[in-house]
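Heads up, the thing below is written out as structure tokens.
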Amino acid sequence: MLWAALSLPFGPDETPPSSDDLHGLANWALQFTPRVAIADEAVVLEVEASTRLFGGRRKLHERIASEGRELGMAALAWAPNSLAALACVRAGVLNGVHRPLPEVLDALPMGTLSAIRSHHLTLAQLGCRTLGDVRRLPRGGISRRFGKELLGALDQAYGLRPEAHGWIELSETFRARLELMSRVETAPALLLGARRLLVQLCGWLAARHAGTTAFTLRWAHDTMRSHDAGEGGELTIRIAHPMRQVEHLCRLLAEHLARVELLAPVGDLALEAIDVVPLEERSASLLPDEKSESESLALVLERIAARLGPERVRRPVLCEDERPEWAQHWQPAPQPLPRQRIAPPDVPQPTFILAEPQRLAVRDHRPIYQGPLMLLSGPHRVEGGWWHLGEDDASTRHVERDYWVALSQYAGVLWVYQERLAGDATAWYLHGSFA
């Protein structure tokens with residue numbers, strides 16, 4: 001078995017870590033394994049079954065160490081069981097698995113085991129300094145004088161008895177709060193504390209195999225503020241694609257915070273995930289991923305939209321509409337794209353469409369554009385739009401057209417249609433051209 005212990009800053013003269021900090025670290029650790037528990041001032045997790053998934057022990061250690069520091073993690077240790085890992089992290093021993101466990105634990109101070117701390121003075125008077133000294137005392141005397149709990153904890157630390165844990169359960173929603181080390185007076189400076197909350201959010205999302213398309217950052221003003229400032233403010237970030245990449249979320253948040261002006265110094269931050277959707281996991285294939293370029297373009301568009309404003313950066317979106325003018329529309333880049341894919345048309349479509357159809361002259365019942373047109377294929381009938389109201393809500397965008405592919409001697413291949421008018425009257429229009 002392989003266990004890791006993650007310790008938050010805690011010394012003899014310091015206050016113990018808060019429950020919010022411990023649960024935040026535990027929820028983040030659930031992305032590595034479902035077996036996570038809180039032990040005193042540390043978080044312990046059993047990761048033996050997860051090492052291969054994360055690329056081996058070394059890569060798993062590097063990832064936990066780098067991301068854990070952003071959550072305030074002060075120390076990390078590895079051992080064959082949770083109590084041994086907890087003792088190692090308290091003693092500052094990183095690797096408790098490279099040597100036999102008794103050899104590692106015997107050299108540790110006896111105060112590294114919680115069950116011994118209450119009897120530390122008595123054991124010290126008996127000449128004990130290390131866990132090895134306590135373990136060499138007569139077992140019957142230890143049980144009679146100090147109780148079975150101390151002897152049971154020793155046996156569990158040395159792997160002679162099984163351990164029991166109360167596992168942390170993953171919450172259905174994400175809400176995290178952070179009290180800032182000092183009062184912040186400018187909005188961009190909030191990113192330092194917000195990043196810590198975003199790391200927790202991404203860990204929670206990874207444990208749920210999900211991504212977020214919207215999250216809200218809230219801040220509370222200092223109590224020493226003017227009445228006009230109010231209690232605080234909030235900022236909601238919306239993303240086009242489900243995301244759980246810390247760096248991208250931080251860049252988006254930084255762009256939005258650059259345009260925020262705080263009305264009073266801020267002392268507390270809170271982060272909430274609004275929209276959480278399942279995220280399709282990407283396979284670790286040796287072949288190039290076809291989605292990588294499109295996904296990177298979407299990230300760039302979101303960053304530009306965050307800086308310039310969502311209404312100034314737009315992208316085309318296909319619609320389920322037979323009418324060519326409304327087969328696509330432009331929407332702000334941060335808005336999510338439709339999940340339903342639009343099937344490609346089964347009829348020829350031009351590469352260029354005129355903004356407004358151009359009416360053509362007719363000679364001998366044949367349309368003319370730089371000479372008579374030869375109709376190659378068609379007709380393809382398009383009829384609909386009675387539900388589409390105009391800007392004045394008095395007229396509709398209803399169309400009744402027969403589209404043809406036509407050939408012009410000088411203009412090339414064109415896309416024209418015949419529109420039915422009142423009675424038997426018809427009119428011809430040029431609507432596009434083929435490259």
Side-chain angles (χ1 to χ4, degrees), residues 24 27-28 30-32 67 70-71 170-178 187-188 190-191 193-219 232-260 269-283 289-320 328-342:
N27 283 328
W28 166 80
L30 283 170
Q31 65 180 305
F32 303 108
E67 295 184 11
E70 300 192 53
L71 298 177
L170 190 65
S171 58
E172 293 295 328
T173 58
F174 180 86
R175 295 183 182 88
R177 175 184 169 275
L178 176 65
L190 295 177
L191 184 63
R195 180 182 178 88
R196 181 169 175 174
L197 297 177
L198 286 173
V199 172
Q200 292 186 30
L201 170 62
C202 292
W204 178 83
L205 290 172
R208 294 185 62 88
H209 304 285
T212 180
T213 56
F215 63 90
T216 298
L217 177 69
R218 298 184 177 89
W219 54 86
E234 65 178 39
L235 180 63
T236 298
I237 309 297
R238 299 195 177 275
I239 312 166
H241 299 276
M243 180 67 58
R244 63 165 183 255
Q245 296 180 6
V246 176
E247 298 300 332
H248 180 64
L249 296 181
C250 286
R251 284 193 292 264
L252 283 181
L253 183 59
E255 297 291 350
H256 284 82
L257 287 176
R259 304 199 305 269
V260 174
L269 290 178
L271 187 71
E272 179 182 3
I274 300 177
D275 294 330
V276 178
V277 296
L279 189 62
E280 182 180 354
E281 300 292 342
R282 185 183 303 174
S283 62
D289 190 355
E290 297 179 355
K291 296 183 179 180
S292 58
E293 292 187 5
S294 61
E295 290 179 354
S296 61
L297 176 61
L299 301 185
V300 172
L301 290 178
E302 287 180 355
R303 290 179 57 190
I304 297 175
R307 180 170 299 182
L308 302 180
E311 296 299 328
R312 296 184 178 183
V313 181
R314 295 175 173 268
R315 62 168 64 188
V317 179
L318 296 179
C319 305
E320 193 73 41
Q328 75 167 28
H329 71 277
W330 294 84
Q331 73 173 29
Q335 290 186 6
L337 295 175
R339 296 185 182 181
Q340 184 178 2
R341 298 180 64 90
I342 305 301

Heavy-atom pair with the smallest gap, counting every atom of [X] and [Y]:
X: Leu178; Y: Gly193; value: CD2-O, 3.4 Å
X: Gly24; Y: Gln200; value: CA-OE1, 3.5 Å
X: Val277; Y: Pro242; value: CG2-CG, 3.3 Å
X: Arg244; Y: Cys202; value: O-SG, 3.2 Å
X: Leu205; Y: Met243; value: CD1-O, 3.8 Å
X: Leu279; Y: Gly211; value: CB-N, 3.8 Å

Original post:
With sequence neighbours left out, which residue pairs that include part of residues 205-218 fulfil the salt bridge (Lys or Arg N to Asp or Glu O under 4.0 Å) condition?
Top reply: Glu172-Arg208, Arg218-Glu234, Arg218-Glu272
**OP:** Kindly state each residue pair satisfying salt bridge (Lys or Arg N to Asp or Glu O under 4.0 Å) with at least one member in residues 193-206, sequence neighbours excluded.
**Re:** Glu70-Arg195, Arg195-Glu247
Nearest 0.5 angstrom please: [X] [atom1] to [Y] [atom2], how far?
X: Phe174; Y: Thr212; atom1: CZ; atom2: OG1; result: 10.0 Å
X: Asn27; Y: Leu71; atom1: CG; atom2: CG; result: 10.5 Å
X: Arg251; Y: His256; atom1: CZ; atom2: NE2; result: 14.0 Å
X: Leu271; Y: Ile237; atom1: CG; atom2: CD1; result: 10.0 Å
X: Ile274; Y: Thr173; atom1: CD1; atom2: OG1; result: 12.0 Å
X: Leu235; Y: Phe215; atom1: CG; atom2: CZ; result: 8.0 Å

**OP:** Go through the structure and list residues passing side chain to side chain contact (heavy atoms under 4.5 Å, CB included) with Arg238, not counting sequence neighbours.
**Re:** Ala214, Thr236, Asp275
**OP:** Using the test side chain to side chain contact (heavy atoms under 4.5 Å, CB included), find all partners of Ala254 that sit at least two apart in sequence or belong to another chain.
**Re:** Leu191
Original post:
Would you say Arg175's side chain and Ala270's backbone share a donor-acceptor pair under 3.5 angstrom?
Top reply: no
Given side chains that start at C-beta, do those of [X] and [Y] come closer than 4.5 Å, heavy atoms only?
X: His248; Y: His241; answer: no
X: Leu253; Y: Leu190; answer: no
X: Leu198; Y: Leu201; answer: yes

Original post:
Got a sec, which residues hit side-chain hydrogen bond (donor to acceptor under 3.5 Å, both in side chains) with Trp204, two or more places apart in sequence or on another chain?
Top reply: Ser171
**OP:** For Phe32, enumerate each residue passing the ring-ring contact (aromatic ring centres under 6.0 Å, His included) test, keeping only those at least two apart in sequence or located in another chain.
**Re:** Trp28, Phe54
